[in-house]
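Beneath this line is the structure, given in structure tokens, with notes to follow.
We number each residue from 1, following the sequence as shown.
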Amino acid sequence: MNLDKIENPKFIKNLNQDELVDLSKEIRQFIIKNVSKTGGHFSSNLGIVELTIALHYVFDSPKDKMIFDVGHQSYIHKILTGRAKDFSTLRQFNGLSGFQKRYESVHDCWEAGHSSTAISAGTGMAIARDLNNQSGEIICIVGDAAIMSGESFEALNYLGSIDSKVIVILNDNEMSISKNVGGLSNFFSKIRMSARYRHARDNYTEFLGRTKIGNVIYRQTKKIKDHVKEDVIEDNIFGEFGLDYIGPVNGHDFNDLIEAFNMAKSMNHSVVVHVHTIKGKGYTLAEKDHEGRYHGVAPFDYHVGIIKSENHMLKSWSAVIASYIQKTMNVDKDIVVITPAMTYGSSLNDVFNEFPERCFDVGIAEEHAMTFAAGLSNAGKKPYITIYSSFLQRAYDQINHDIARMNLPCLIGVDHSGLVGEDGDTHHGVFDIGFLSSLPNIVIMTPCDAYEAKCMVNTVFHHFDKPYILRFPKSLVKDEEVDINQEITLGSWDKIIYSDSNTITIITYDIKVNMVRQMIEDKNLSINLINARFIKPMDNQMLIELYHDKQKLIVYETDLMTGSLGSLIAHYYSKNHMVMDIDYIGLDDHYTPQGDIETLLDYEHININDLYQLIKEKYEERKS
């Protein structure tokens with residue numbers, strides 16, 4: 001079949017079992033070849049091929065609404081709804097999104113980039129459907145890691161108390177990005193291993209499914225079915241929520257999938273269908289991957305697999321900082337490490353291996369992770385918790401209420417800060433300065449290189465007197481050795497280039513410091529450059545000095561300008577009745593799309609050349 005010719009999923013209903021199997025093989029090869037070229041979410045999509053085909057076989061999109069939790073595993077859904085021809089543009093600027101996007105297709109009824117929103121959204125859509133006297137199923141496809149999140153539990157709890165029907169497909173592949181942890185994960189494992197339960201279930205459904213009256217009896221004997229389950233599984237968590245349960249179902253067997261989905265469709269109340277899949281199925285290296293290397297991939301040769309970089313000069317920021325935290329843990333026995341299911345993504349594997357008793361993966365539960373860190377700090381430990389900037393948004397209340405308000409010391413690593421590229425608007429880490437800088441007691445640090453980052457880590461653990469934020473981007477950096485006693489004065493900025501004779505000063509932070517310095521040197525510009533390595537507290541003494549030196553300021557940022565360093569500087573001067581000539585470069589009040597970093601910088605008019613053009617304008621003003 002030519003996948004590029006698919007316009008909608010109606011054709012699937014005319015396929016027999018053998019043809020469905022052939023289609024799944026073709027789609028799997030399509031995913032392997034295309035995503036290895038563009039990059040994207042790899043193993044999660046390989047694992048959900050048969051499941052997605054079976055959904056479109058049984059249900060009728062777009063009348064029946066399919067909500068893929070997170071949305072990164074919707075590639076097969078995109079193919080079946082007519083977007084295979086666009087896969088060469090996947091995750092590129094103005095190209096096909098790596099997530100469900102409502103503007104792309106009528107078959108995308110929801111969009112998200114964070115986990116655990118599907119059941120809440122689906123419940124709302126189901127109630128709206130019923131209020132409008134409309135028909136159609138609401139199907140939420142949720143991973144076993146995402147369903148362990150607090151929002152999923154809140155939604156399940158409410159869903160079980162109402163009459164509106166939602167079908168929850170639990171895609172159980174035993175993995176999130178890193179291997180799942182926790183009691184519920186163990187519960188799913190217990191279900192999967194229960195052959196006795198599967199045998200009892202199969203006999204029960206087969207017997208009642210032979211006739212029409214048998215199907216009626218099945219729907220009316222929920223208590224009997226629950227008794228069968230409870231005889232094998234001591235605790236049926238979904239039953240406790242008031243939801244029906246079908247499963248476990250083989251997620252790669254069309255007979256099982258279609259039978260289970262038809263049964264769920266025939267019910268008049270909410271039901272959870274527990275589907276067991278293999279993440280990465282069809283690509284051996286991904287199937288055997290237990291670290292998450294094939295979860296989200298950059299372009300690679302699929303014939304060979306991902307080859308680990310041996311560049312000893314450049315490492316990811318997360319790897320550099322994690323390695324230094326590990327070194328510091330050997331000196332300070334009170335340091336503990338916390339991650340919300342991002343052991344591999346945050347380069348913490350070696351730390352967890354060396355200090356298993358002092359490292360904690362709490363699963364996809366950013367809110368719990370943050371308050372858990374607060375509890376550790378309150379009891380005298382020194383927590384380092386690292387979270388991607390985009391996911392940190394989910395724990396804002398906990399940072400505010402449980403950490404900053406009580407002034408509990410900790411180090412929060414804000415990974416993937418700034419623009420992150422191809423994952424797009426749900427993942428750009430451009431908001432954290434704005435929502436963190438307003439909180440009392442918080443210190444926000446933005447190192448320009450590995451040396452400065454390690455000195456900041458030293459500063460935190462030597463004093464450990466308040467909540468510290470350490471921002472670092474999704475990029476590579478040259479690793480540098482640092483003496484463990486080397487510190488940085490709290491709130492101090494660094495004059496990278498400064499002369500009283502210069503009248504223009506650029507204030508910037510993080511990796512932009514070195515980019516701007518290179519531009520100044522290349523173009524032989526007579527301007528000053530300041531590394532604002534602390535967003536909060538700012539170096540007020542230096543701001544006063546700039547005022548007295550009558551400097552024209554350019555605050556250069558690639559984060560959102562609302563609540564940014566520039567806004568904090570403007571507020572300081574206004575509060576102290578100091579009139580300054582200041583220009584600002586940064587992101588305006590909108591969401592930035594997907595694309596590679598350079599393309600996005602050009603699109604937003606915040607690249608280094610835009611800065612240079614502004615400098616030239618300031619020079620012209622000086623001459624006039």
Side-chain angles (χ1 to χ4, degrees), residues 113-114 296 315-322 324-325 339-340 342 345-348 366 369-370 384-396 399 410-439 442-450 452-457 460 467-477 507-516 531-536 538 555-568 585-587 591-592 594-598 600-601 604 606-607:
H114 295 173
K315 298 180 180 178
S316 70
W317 276 88
S318 56
V320 167
I321 292 171
Y324 196 68
I325 292 290
T339 179
M342 295 298 292
S346 295
S347 303
L348 294 169
E366 291 85 2
M370 200 60 67
Y384 169 64
I385 176 170
T386 178
I387 300 180
Y388 286 11
S389 173
S390 174
F391 304 146
L392 186 72
Q393 297 161 187
R394 315 194 83 174
Y396 175 76
I399 298 174
C410 60
L411 175 57
I412 302 172
V414 181
D415 197 349
H416 283 48
S417 63
L419 295 170
V420 298
E422 291 81 0
D423 279 335
D425 55 2
T426 59
H427 281 62
H428 292 314
V430 297
F431 304 103
D432 56 86
I433 291 177
F435 69 72
L436 292 173
S437 61
S438 63
L439 298 179
I442 290 277
V443 172
I444 305 175
M445 308 177 291
T446 58
C448 69
D449 54 29
E452 201 164 62
K454 292 179 180 181
C455 290
M456 288 175 173
V457 171
V460 171
Y468 291 85
I469 304 290
L470 181 66
R471 301 181 81 241
F472 48 94
K474 178 190 177 183
S475 61
L476 301 178
V477 63
I507 300 176
T508 191
Y509 51 85
D510 64 37
I511 59 176
K512 295 184 290 295
V513 172
N514 299 312
M515 294 166 53
V516 175
N531 172 17
R533 55 195 179 188
F534 288 90
I535 303 295
K536 184 179 182 180
M538 297 188 297
V555 183
Y556 177 43
E557 303 183 72
T558 53
D559 296 292
L560 199 71
M561 283 194 287
T562 305
S564 65
L565 174 65
S567 67
L568 295 173
I585 293 181
L587 294 174
Y591 290 95
T592 300
Q594 67 191 33
D596 66 85
I597 298 296
E598 288 304 317
L600 295 181
L601 293 174
E604 296 286 0
I606 56 173
N607 64 23

Looking at residues at least two apart in the chain, or sitting in another chain, which of them share a ring-ring contact (aromatic ring centres under 6.0 Å, His included) with [X]?
| X | value |
| --- | --- |
| Y324 | none |
| H114 | F391 |
| H428 | none |
| F431 | Y591 |

Answer yes or no: is there a side-chain heavy-atom contact under 4.5 Å between [X] and [Y]?
| X | Y | result |
| --- | --- | --- |
| I399 | P467 | no |
| I325 | L411 | yes |
| T562 | S567 | no |
| V460 | M445 | yes |
| F472 | V477 | no |
| V430 | T592 | no |
| E452 | N531 | yes |
| Y509 | I444 | no |

Indicate the atoms forming the closest heavy-atom contact of [X] with [Y], along with that distance.
| X | Y | answer |
| --- | --- | --- |
| R471 | G429 | NH2-O, 3.4 Å |
| I469 | I442 | CG1-CG2, 3.8 Å |
| S475 | I511 | OG-CD1, 4.2 Å |
| I433 | L565 | CG2-N, 4.3 Å |
| G586 | I606 | O-CG2, 3.5 Å |
| S347 | S318 | OG-OG, 3.2 Å |

Would you check if the side chain of [X] reaches a backbone N or O of [Y] as a donor-acceptor pair within less than 3.5 Å?
| X | Y | answer |
| --- | --- | --- |
| K536 | S437 | yes |
| E557 | S564 | no |
| T508 | Y556 | yes |
| S346 | L348 | no |

Looking at [atom1] of [X] and [atom2] of [Y], how far apart are the two atoms once the value is rounded to the nearest 0.5 Å?
| X | Y | atom1 | atom2 | value |
| --- | --- | --- | --- | --- |
| R533 | D510 | CZ | CG | 14.0 Å |
| L419 | D425 | CG | CG | 11.5 Å |
| N607 | E598 | CG | CD | 7.0 Å |
| D449 | K454 | CG | NZ | 10.5 Å |
| Q393 | T426 | CD | OG1 | 9.5 Å |
| L439 | Y396 | CG | OH | 4.0 Å |

Check: Residues in salt bridge (charged side-chain N to carboxylate O under 4.0 Å, His left out) with D415, at least two apart?
Finding: none
Next item on the list: Pick out which of V443, I412, L392 makes a side chain to side chain contact (heavy atoms under 4.5 Å, CB included) with L436.
Entry: L392
Next item on the list: Go through the steps for I385 and M370 under the test side chain to side chain contact (heavy atoms under 4.5 Å, CB included), then give the verdict.
Entry: CA-CA 8 Å; I385 176 170; M370 200 60 67; 4.1 Å; yes
Note to self: Applying side chain to side chain donor-acceptor pair (under 3.5 Å), can you list everything that pairs with E366, at least two apart in sequence or on another chain?
What the structure shows: none
